[in-house]
Number of protein chains: 2
Amino acid sequence: MSLSDFSGRTVLVVDDEPMVREVVTTYLTRDGLDVTEASDGASALRAFEESQPDLIVLDVMLPKIDGYSLLSEFRSRSNVPVIMLTARGEETDRVLGLELGADDYLVKPFSPRELAARVRTVLKRSDGAGLHPGFVVEVGDLRIDPGSREVEVGGRAVELTPKEFDLLAFLATHPRQVFARSQLLEQVWDSNTAWQDPSTVTVHIRRLRQKIESNPDNPKVIITVWGVGYRFET
Amino acid sequence: MSLSDFSGRTVLVVDDEPMVREVVTTYLTRDGLDVTEASDGASALRAFEESQPDLIVLDVMLPKIDGYSLLSEFRSRSNVPVIMLTARGEETDRVLGLELGADDYLVKPFSPRELAARVRTVLKRSDGAGLHPGFVVEVGDLRIDPGSREVEVGGRAVELTPKEFDLLAFLATHPRQVFARSQLLEQVWDSNTAWQDPSTVTVHIRRLRQKIESNPDNPKVIITVWGVGYRFET
DNA sequence: CGGTCTCTGAACGTTCCATTAACACTGACG
DNA sequence: CGTCAGTGTTAATGGAACGTTCAGAGACCG
């Protein structure tokens with residue numbers, strides 16, 4: 001699968017205007033995306049549960065439940081990327097959106113071509129991307145808050161360096177999946193890390209363990225998979 | 001504490017039907033909110049004084065005192081956000097409510113989930129909203145009065161320049177959230193600040209710290225998050 | 001058992017970033 | 001016109017984080 005091939009990915013489009021939904025759907029489908037539509041908050045939540053979308057396009061102004069509430073609803077359940085749509089002149093509380101973990105904003109009327117482009121961008125980014133603010137990860141006695149970039153283990157705050165935080169966040173959002181050191185370099189470090197020394201990862205894993213494992217000599221959270229790499233265990 | 005964590009916040013629910021109160025209380029408690037109940041105007045006012053709620057859910061149709069009178073009672077005392085409940089068919093004078101300063105409306109019968117969502121939204125909005133004159137922010141030993149644009153730290157008045165005040169006010173109204181320098185530029189400075197030097201923020205943070213931190217070399221209020229930005233700590 | 005991989009602990013230079021002080025620009029005001 | 005507070009920029013400094021390396025110990029596997 002090439003990077004620009006999004007076949008099999010699903011996008012949920014939430015807007016109360018059928019026209020908007022239709023146009024958006026047309027353009028996204030053309031990119032090989034599956035599209036699910038919803039016209040209000042309730043059906044959006046239902047569709048979210050059912051279709052497990054890889055991305056959500058969300059109108060801020062919706063009947064009954066507004067987009068921001070919906071966004072935090074989504075955020076309380078997943079880390080899925082979200083692109084918000086706002087009408088011109090609408091008071092776009094960008095900060096609120098960013099705090100809640102919106103990935104991008106588009107002001108209506110927007111060009112569908114541009115929306116499609118943003119969708120592609122966000123999807124690409126979301127592969128390796130870290131956590132959205134508002135989506136607090138809690139596994140075991142670990143608690144990762146991307147908003148404040150704080151980590152607690154067993155209620156006790158732990159100081160992590162940026163790389164350590166990013167590394168942990170990545171692993172925690174892909175639990176039980178094994179990653180080679182080179183993969184982690186690719187995902188957590190800047191792009192083009194092919195030339196880098198994979199043992200860099202080893203060292204960072206080590207320092208991480210010393211901070212978050214109750215017994216670093218016998219790691220329970222970040223497991224070594226022999227000959228392969230590491231795995232985050234819940 | 002994440003943004004979607006409202007623990008410690010108190011909501012006052014005013015309705016004469018015990019059933020309604022119970023259902024609402026159940027849902028709000030689930031969100032980590034403390035809930036106080038009142039069944040009529042008099043007890044509502046008492047509860048308001050005692051529990052100092054962060055938000056009020058107010059039925060319009062109450063025995064003895066109606067909701068609108070109660071709303072203006074509240075308004076004369078505080079800036080607390082209010083969500084009004086109106087029965088279907090009741091002549092819902094939206095305009096009247098909005099003039100008196102209601103933040104949102106819900107028509108009975110309403111879905112408790114939706115009410116909970118609106119409560120979250122309004123609470124978040126009141127977090128992020130610019131400061132209303134007359135509404136004083138107090139966190140820790142900091143006291144920020146937007147009306148007079150005065151700041152006190154530990155009872156001692158502190159002179160801040162306009163930018164310093166705006167910067168502090170923004171951070172204080174978004175506690176624990178990390179903001180990049182560029183984000184702060186965007187929010188506190190005029191729009192279209194992309195070309196500006198982010199180190200401008202650094203300098204202002206520094207000057208702020210010297211004025212409000214008891215020990216500027218070891219800041220406790222405005223925390224540096226390395227490689228990311230700054231965070232306001234309560 | 002022997003070979004391979006990983007962990008440990010430390011050290012090192014490097015790079016990046018926040019801090020700091022100093023300076024230049026601006027508009028307000030007397 | 002001169003002063004001054006507020007502001008933004010710049011350059012120097014210091015420190016935190018990073019990547020790398022190494023040697024010895026330990027773990028795993030065939």
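The shown structure was predicted, so the numbers you read here are calculated from the model rather than taken from an experiment. Lettering of chains follows the sequences in order, A, B, ..., and the numbering in each one begins at 1.
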Under 4.0 angstrom, heavy atoms only, what part of the nucleic acid is [X] near: base, sugar-phosphate, or nothing?
X: B:Asp217; result: sugar-phosphate
X: B:Arg209; result: sugar-phosphate
X: A:Glu164; result: nothing
X: B:Glu159; result: nothing
X: A:Thr202; result: sugar-phosphate
X: A:Phe165; result: nothing
X: B:Pro219; result: nothing
X: A:Arg181; result: sugar-phosphate
X: B:Thr224; result: sugar-phosphate

Any [X] side-chain N or O less than 4.0 Å from OP1/OP2 of [N]:
X: B:Arg207; N: C:dT20; result: no
X: A:Gln210; N: C:dC7; result: no
X: B:Arg206; N: C:dA18; result: no
X: A:Tyr230; N: C:dC5; result: no
X: A:Gln196; N: D:dT20; result: yes
X: B:Trp189; N: D:dG8; result: yes
X: B:Thr161; N: D:dT7; result: yes

Given atom [atom1] of [X] and atom [atom2] of [N], what is their separation to the nearest angstrom?
X: A:Lys163; N: D:dC18; atom1: NZ; atom2: P; answer: 6 Å
X: A:Leu208; N: C:dC7; atom1: CG; atom2: C1'; answer: 15 Å
X: A:Leu184; N: C:dT6; atom1: CG; atom2: P; answer: 13 Å
X: A:Trp226; N: C:dT6; atom1: CH2; atom2: P; answer: 6 Å
X: A:Asn218; N: D:dC28; atom1: CG; atom2: P; answer: 10 Å
X: B:Ile205; N: C:dC17; atom1: CD1; atom2: P; answer: 18 Å
X: A:Asp166; N: C:dC16; atom1: CG; atom2: P; answer: 16 Å
X: B:Ile223; N: D:dA16; atom1: CD1; atom2: P; answer: 15 Å

Whichever of B:Leu160 and A:Trp195 has its nearest DNA chain D nucleotide further upstream toward 5': B:Leu160
I'd like to know if [X] pairs up with [Y] as an ion pair, taking the criterion as any Lys NZ or Arg NE/NH1/NH2 lying under 4.0 Å from an Asp or Glu carboxylate oxygen.
X: A:Asp34; Y: A:Arg9; result: no
X: A:Glu159; Y: A:Lys211; result: no
X: A:Glu233; Y: A:Lys220; result: no
X: A:Asp104; Y: A:Arg125; result: no
X: A:Glu150; Y: B:Arg176; result: yes

Nucleotide of C:dG9, C:dT20, D:dT7 approaching B:Pro162 most closely (side-chain heavy atoms): D:dT7
B:Val203 or B:Gly227, whichever maps to the more 5' nucleotide of DNA chain C: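 Closest to the 5' end, via its nearest nucleotide, is B:Gly227.
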Ring pair (Phe, Tyr, Trp, His ring centres under 6.0 Å) between B:Phe74 and B:Phe48, intermediate numbers included: CA-CA 8 Å; B:Phe74 291 140; B:Phe48 170 77; 5.0 Å; yes
Over 12 foreign heavy atoms within 6.0 Å of CZ, A:Arg30: yes
